[in-house]
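Below is one structure, written out as structure tokens; the observations come after it.
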Amino acid sequence: MDDKAQATATLMERILYEVKRVVVGQDRFLERVLVALLAQGHLLVEGVPGLAKTLTVKTLARTVRGSFKRIQFTPDLVPADLVGTRIYNQKTGEFGTSLGPVFANLLLADEINRAPAKVQSALLEVMQERQVTIAGETHKVPDPFVVMATQNPIETEGTYPLPEAQVDRFLMKVLVDYPTEDEEFVIAERVTGRPVEVNSVADTFQLAALQRECREVFCDPQLMQYAVKLVGATRRPEVYGVPEIGKYLTFGASPRATIGMVEGAKALAMLRGRRYVLPEDVSDLVPDVMRHRLVLSYEALAENVSADDVVQKVMAKIPPPDKPLEHGAEAAANNR
């Protein structure tokens with residue numbers, strides 16, 4: 001491990017340590033949050049209320065001295081409540097722009113599936129372009145900018161399914177489960193005890209530098225091809241030797257899935273103290289990157305086949321390539 005990779009891993013460990021002083025358990029979820037942060041991607045989190053989703057993002061914002069905003073999605077929300085609007089000033093006789101809560105480094109869209117599609121779609125431009133257009137004027141959101149949206153499980157009443165175009169803009173969809181008994185004991189102990197003061201261990205400038213550094217992590221072309229094959233198998237299953245999943249899919253994953261796997265794997269490699277990607281970095285992220293991008297058929301719903309089931313069948317059929325030579329990968333990464 002070179003000095004630069006070691007310094008990066010150490011800084012990310014310090015950020016994670018501060019967050020874990022407040023948030024108990026949820027290791028996989030916390031790792032995915034940091035991956036999204038480094039890869040400049042957005043995160044969709046599904047789980048029942050009370051699993052520290054809001055607390056995680058708020059704590060993370062404090063550790064990196066970033067601005068944090070939370071939007072509670074409700075059925076009566078309108079797009080202007082998110083992005084902002086033009087307001088008439090009676091004193092000056094002119095219109096001024098009032099910017100909405102999307103102008104923050106870390107934006108939490110809480111229970112995003114509680115609002116109708118037109119409100120969900122208001123996030124489309126800002127998530128993709130990092131900018132908002134109000135009355136013909138373009139306003140850039142702060143850099144770095146990450147959206148973490150939470151949603152209730154589909155079975156919950158009073159929810160609106162997210163449009164495919166909206167869902168596709170999330171780098172990953174993470175499923176958050178209940179804590180164990182031991183973790184829940186510690187949660188109760190911490191919440192009812194003295195509040196923990198979170199220390200700032202980085203700033204947004206350092207975070208932006210880490211994001212640029214993440215782009216320079218070396219990914220072997222074989223691993224990129226592996227990602228392409230996994231995604232391709234969801235579009236043309238018969239070509240890749242998994243014809244049995246064809247009846248369960250209406251539409252396969254988009255090219256954003258391939259990009260997400262590569263970018264996420266680079267971020268995961270950085271978190272693990274490397275300047276090069278290994279096959280396990282890609283494999284670990286495949287379910288999170290793919291599960292929300294697959295449009296299942298009625299037959300899948302009738303047979304209770306989930307997107308994760310389909311992804312597992314694809315991964316079982318398409319094995320990852322042999323590990324790239326680590327020294328060669330390091331040399332390639334250092335020459336970039």
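- Look at E213 and R275 and you find a salt bridge, because one of the NZ, NE, NH1 or NH2 atoms lies within 4.0 Å of a carboxylate O, short of that distance.
- Side-chain atoms of S67 and N105 form a donor-acceptor pair, as typed in the model, at a separation below 3.5 Å.
- A salt bridge links R215 with E263: the distance from a Lys NZ or Arg NE/NH1/NH2 to an Asp or Glu carboxylate oxygen falls below 4.0 Å.
- With salt bridges taken as basic N to acidic carboxylate O contacts below 4.0 Å, one links R21 and E18.
- Between R130 and D143 there is no salt bridge, since no side-chain nitrogen of the basic residue lies less than 4.0 Å from a carboxylate oxygen of the acidic one.
- Salt bridge K20/D27: present, at least one basic N to carboxylate O contact under 4.0 Å.
- Note on D308 versus K173: no salt bridge recorded, every NZ/NE/NH1/NH2 to OD/OE distance being 4.0 Å or above.
- For the residue pair E303/Y248, the side-chain donor-acceptor check at 3.5 Å is satisfied.
- The neighbour count for D76 CG, taken as heavy atoms of other residues, nucleotides or ligands under 6.0 Å away, is above 12.
- Put simply, the side chain of Y226 reaches to within 4.5 Å of the side chain of V282, judged on heavy atoms.
- Taking 4.5 Å as the limit, some side-chain heavy atom of Q312 sits within range of a side-chain heavy atom of P287.
- R293 meets the salt bridge (Lys or Arg N to Asp or Glu O under 4.0 Å) test with D168; sequence neighbours excluded.
- By the 4.5 Å heavy-atom criterion applied to side chains, V141 and Q131 are not counted as neighbours.
- A cation-pi contact, defined as under 6.0 Å to the ring centre and within 45° of the axis, is absent between R14 and Y17.
- In this model, a donor atom of one side chain and an acceptor atom of the other lie less than 3.5 Å apart for E111 and Q72.
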